Amino acid sequence: MTNRTQEDAAYSVPTLTDYSAAALEKAAADCIAACRREAGEVRNEAELKAFRDRWMARKNGILTQINDLWLKGSPKEAKREAGIRVNELKGRITELVEAAHAGSGADSLASEGIDITLPGLRRPIGAEHPVIRTMNEIVSVFQKLGYSVAEGPVVETDYYNFEALNFPPNHPARDTQDTLFIAGQQSKAQRDRLLLRTHTSPVQIRTMEKMRPPIRIVIPGTVHRNDPPDASHSPMFHQIEGLAVDTNITFGDLKGTLDHAMKALFGSRVKTHFRPSFFPFTEPSAELYVTCFICGGSGRRGADPCRPCKQTGWIEVLGCGMVDPNVFEFVKDNGYDPKKVSGFAFGMGVDRLALLKYGVDDIQLFFQGDVRFLEQFA
Ligand code: 2NL
């Protein structure tokens with residue numbers, strides 16, 4: 001309480017009896033603290049003037065009093081030290097007084113030419129990017145089925161991007177991925193070399209290393225491939241992959257799950273169709289087609305041919321299959337014994353689906369950041 005009372009009371013210059021360096025130091029610090037406190041309490045122009053006068057007035061201002069009491073009043077042997085200290089103090093106090101301004105009161109705003117009666121500036125609310133919106137829609141369909149979302153690094157090792165996904169070293173299947181490699185990795189063992197992930201599957205391996213079966217996960221994210229940009233290619237694009245592992249997961253589970261997901265995404269009228277395919281990490285593998293949601297499966301739009309489905313009435317939306325037992329071998333020690341568990345997986349290109357969904361004819365528009373294009377999705 002004593003301290004409080006001392007702080008609250010207005011500052012007055014004390015007479016000194018002790019002129020040691022330590023005593024002068026303490027007196028100066030108290031004085032600076034008082035000045036700083038008073039500067040912070042100034043609310044308007046009138047208070048600012050009173051504050052300035054109190055500290056700086058030639059006649060009986062605080063600095064003048066300090067000069068009289070601490071310097072002129074000091075014994076001869078202490079004059080030199082007191083002179084240096086008082087000069088320093090004058091500098092600090094002058095700085096504080098000059099920096100002081102009239103708080104946040106309306107007076108000062110008016111003096112700065114700011115009219116506080118004008119309405120504020122409105123920042124327009126941004127719009128969700130069409131690719132991210134599509135991604136969120138797909139993710140939420142699977143979340144409702146009990147899937148969790150997993151994420152992982154974009155810069156990956158050869159091991160997670162290829163080896164653990166059943167691409168043997170030097171196997172030609174790696175060539176189909178047009179990988180962008182990080183430079184200067186030659187001194188490392190092949191499995192440790194860094195690259196930009198070409199799919200989000202590495203995250204599935206990483207998740208299986210951490211979580212024992214059963215699991216159901218979806219992995220949204222950016223991937224990179226060495227594709228020159230054109231209307232349908234971009235060196236950076238987005239994927240969503242999914243994985244379900246349990247005992248007795250069958251191709252029937254895959255078909256039922258994906259048929260439901262396609263109806264949730266494109267409307268309950270769409271039909272699904274699976275065609276045999278190949279991926280290194282699934283066996284058997286398939287491509288999933290849905291009836292064209294532009295022409296409704298007829299292949300025609302009035303008198304014109306339907307372009308998105310090339311008049312076939314079907315659109316390819318994703319690749320899928322039963323997880324190859326060779327993939328489980330890499331995570332066997334965490335409960336994924338291929339003799340005991342089975343699973344299905346799928347992967348889709350989000351950008352391509354967003355192009356179809358919004359009738360956009362050039363993928364580059366998604367990544368150029370032109371506000372005139374993007375604000376159409378607001
Ligand atoms: C496509 C095809 C696919 C997978 C991705 C996967 C992941 C693991 C194991 C097995 Cl860890 N498979 N992912 C499976 C089939 C297809 O993607 O066309 N993506 C754009």
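No experiment lies behind these values; they were computed from the predicted model shown. In what follows, every heavy atom counts, from backbone to side chain, and hydrogens, waters and symmetry copies are set aside. Numbering of ligands and ligand atoms starts at 1, following listing order.
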Quick one: ring pair (Phe, Tyr, Trp, His ring centres under 6.0 Å) pairs with a partner in residues 285-318, sequence neighbours left out?
Phe266-Phe293, His273-Trp314
For Arg216 and Asp246, run salt bridge (charged side-chain N to carboxylate O under 4.0 Å, His left out): C-alpha distance rounded to whole Å, both residues' side-chain angles, the deciding distance at 0.1 Å, then the answer.
CA-CA 9 Å; Arg216 288 167 181 39; Asp246 207 332; 3.2 Å; yes
Nearest neighbour in protein (non-hydrogen) for [atom]:
atom	result
atom 16 (C) of ligand 1	Gly319 O, 3.3 Å
atom 20 (C) of ligand 1	Gln239 NE2, 3.2 Å
atom 7 (C) of ligand 1	Gln204 OE1, 2.8 Å

Contact check, Leu165 vs ligand 1, heavy-atom distance below 4.0 Å
yes
So, 4.0 Å and heavy atoms of Thr282: is ligand 1 close enough to count as a contact?
yes
With atoms numbered from 1 as shown, which atoms in ligand 1 lie under 4.0 angstrom from a non-hydrogen atom of Glu241?
4 (C), 5 (C), 6 (C), 7 (C), 13 (N)
Considering only heavy atoms of Gly347, which atoms of ligand 1 have at least one such atom less than 4.0 Å away?
1 (C), 2 (C), 3 (C), 5 (C), 16 (C), 17 (O), 18 (O), 19 (N), 20 (C)
Arg85: which of Arg80, Lys90, Glu25 passes side-chain contact (heavy atoms from CB on, under 4.5 Å)
Glu25
Quick one: sort the Phe367 and His129 rings into parallel, tilted or perpendicular, breaks at 30° and 60°.
parallel
Applying the salt bridge (Lys or Arg N to Asp or Glu O under 4.0 Å) criterion to Glu156, which one of Arg206, Arg197, Arg193 satisfies it?
Arg206
Any salt bridge between Arg92 and Glu88, counting N to O under 4.0 Å?
no
By salt bridge (charged side-chain N to carboxylate O under 4.0 Å, His left out) - contacts of Asp227 (at least two apart):
none
Give the single entry among Ala345, Gly349, Gly321 that approaches atom 6 (C) of ligand 1 most closely by any heavy atom.
Ala345
If you take the nearest heavy atom of each of Phe281, Phe279, Phe278, Phe344, which one is closest to atom 10 (C) of ligand 1?
Phe281
At under 4.0 Å between heavy atoms, is it the side chain or the backbone of Cys320 that contacts ligand 1, or both, or neither?
backbone
